[in-house]
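First the structure, in the form of structure tokens, and then the observations on it.
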Amino acid sequence: VVRMHIPITTFGHLTRVDSELLADALRTAVATWERPTLHFTGGTALEFPGDRAVWARLGGDLDRLQVIGQGVPKVVQRLGIFVDRRQFRPWLSLGTITEETTAAYLEELVAALDRFAGTTWTHEHVSLMSGQPGGGPREPYEELERMPLAAP
């Protein structure tokens with residue numbers, strides 16, 4: 001759980017000034033949002049046009065998670081930076097379907113995920129990440145700042 005991140009949205013290339021304004025605005029908002037208690041529950045794949053991923057679904061305090069997932073784009077839009085508000089899903093990408101992935105294997109994988117129920121954890125922060133071109137599949141992002149969510 002410590003090394004996983006649930007993507008909320010992307011900002012594209014920002015100027016240093018816009019990055020600092022964005023971080024300040026997010027820091028203020030994030031401090032007011034409650035920490036959700038989450039767990040993995042089930043899975044899915046190929047859920048929308050162009051999707052080539054296998055996903056683990058999240059369960060738990062999804063209302064609190066949605067506040068975060070919808071709140072980040074709202075904060076950013078107030079700064080005049082536009083993002084796709086529909087991008088956030090309470091899922092974690094586990095892998096990409098390739099040309100070698102068979103239908104039988106994919107069905108078996110999703111069925112196994114559907115039977116899975118993970119351990120509960122409390123999500124305590126929102127991270128501002130920077131993409132690392134050529135960073136590789138294991139570490140494609142660098143955490144620039146960890147912004148704590150409101151304590152219970």
Side-chain angles (χ1 to χ4, degrees), residues 1-97 109-110 112-152:
V1 171
V2 174
R3 294 186 60 202
M4 295 182 296
H5 67 273
I6 303 160
I8 296 173
T9 193
T10 58
F11 308 115
H13 298 286
L14 298 176
T15 66
R16 183 179 184 101
V17 171
D18 284 344
S19 296
E20 290 170 359
L21 289 171
L22 172 72
D24 289 343
L26 282 176
R27 201 175 299 114
T28 300
V30 167
T32 68
W33 299 332
E34 296 180 47
R35 297 175 181 184
T37 300
L38 304 168
H39 60 274
F40 290 111
T41 179
T44 190
L46 306 172
E47 283 293 312
F48 50 88
D51 181 24
R52 308 246 335 133
V54 175
W55 304 91
R57 291 183 181 168
L58 292 168
D61 293 330
L62 294 183
D63 288 343
R64 288 183 183 178
L65 188 59
Q66 282 293 351
V67 167
I68 298 164
Q70 293 171 354
V72 169
K74 287 178 184 175
V75 168
V76 174
Q77 286 178 331
R78 278 183 252 159
L79 299 173
I81 301 169
F82 296 98
V83 294
D84 185 353
R85 291 177 289 146
R86 299 167 295 168
Q87 187 173 357
F88 176 72
R89 293 176 178 88
W91 306 341
L92 180 72
S93 175
L94 300 177
T96 302
I97 298 164
L109 177 60
V110 172
L113 287 169
D114 279 341
R115 293 188 299 271
F116 180 75
T119 306
T120 300
W121 79 91
T122 300
H123 197 72
E124 298 183 353
H125 65 275
V126 170
S127 293
L128 187 58
M129 310 290 280
S130 174
Q132 295 296 302
R138 290 202 171 269
E139 300 295 333
Y141 303 100
E142 174 188 2
E143 184 178 53
L144 300 177
E145 184 173 346
R146 186 173 287 193
M147 301 172 188
L149 291 160

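Between W91 and F48, the two ring planes are parallel [angle under 30°; tilted spans 30° to 60°].
Considering all non-hydrogen atoms of both residues, V30 and P148 come closest at CG1-O, 3.4 Å. What you find for R27 and E145 is that their closest heavy atoms are NE-OE2, 2.6 Å. In terms of heavy-atom proximity, H39 sits nearest to G60 at CE1-N, 3.3 Å. Between L46 and R52, the shortest heavy-atom distance links the atoms CD2-CA, 4.1 Å. A pairwise comparison of heavy atoms in P90 and Q66 identifies CD-NE2, 4.1 Å as the closest pair. Taking all atoms of both residues into account, the shortest heavy-atom contact from A53 to S93 is CB-OG, 4.0 Å.
Between the CG atom of L26 and the CG atom of L128 there is a distance of 6.5 Å, given to the nearest 0.5 Å. Distance CZ/F40 to CG/L113: 10.5 Å, rounded to 0.5 Å. Put simply, CG on L38 and CH2 on W121 are 5.0 Å apart, with the number rounded to the nearest 0.5 Å. Taking CZ of R78 as the reference point, atom CG of L22 lies at 12.0 Å (rounded to 0.5 Å). Atom CG in L149 sits 8.5 Å away from atom CD in E124 (nearest 0.5 Å). Once rounded to the nearest 0.5 Å, the distance linking OG1 of T15 with CG of L21 reads 7.5 Å.
Remark: the backbone N or O of G42 is not paired with any side-chain donor or acceptor of D114 at under 3.5 angstrom. No donor-acceptor distance shorter than 3.5 angstrom exists from the side chain of R146 to the backbone of S127, with no hydrogens or angles considered. Side chain of R64 to main chain of R35: a donor-acceptor pair is present (N/O by atom type, distance under 3.5 Å, no hydrogens or angles).
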Q: Assess whether side-chain contact (heavy atoms from CB on, under 4.5 Å) is satisfied between E34 and V67, documenting all intermediate values.
A: CA-CA 9 Å; E34 296 180 47; V67 167; over 6 Å; no

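Proximity of I68 to I8: side-chain heavy atoms (C-beta onward) are separated by under 4.5 Å at one or more points. Within the 4.5 Å cutoff, side-chain heavy atoms of L65 are placed close to those of L62.
Taking a cutoff of 4.0 Å between a charged side-chain nitrogen and a carboxylate oxygen, E47 and R89 do not qualify as a salt bridge.
For H125, the ring pair (Phe, Tyr, Trp, His ring centres under 6.0 Å) criterion is met by H123, not counting sequence neighbours.
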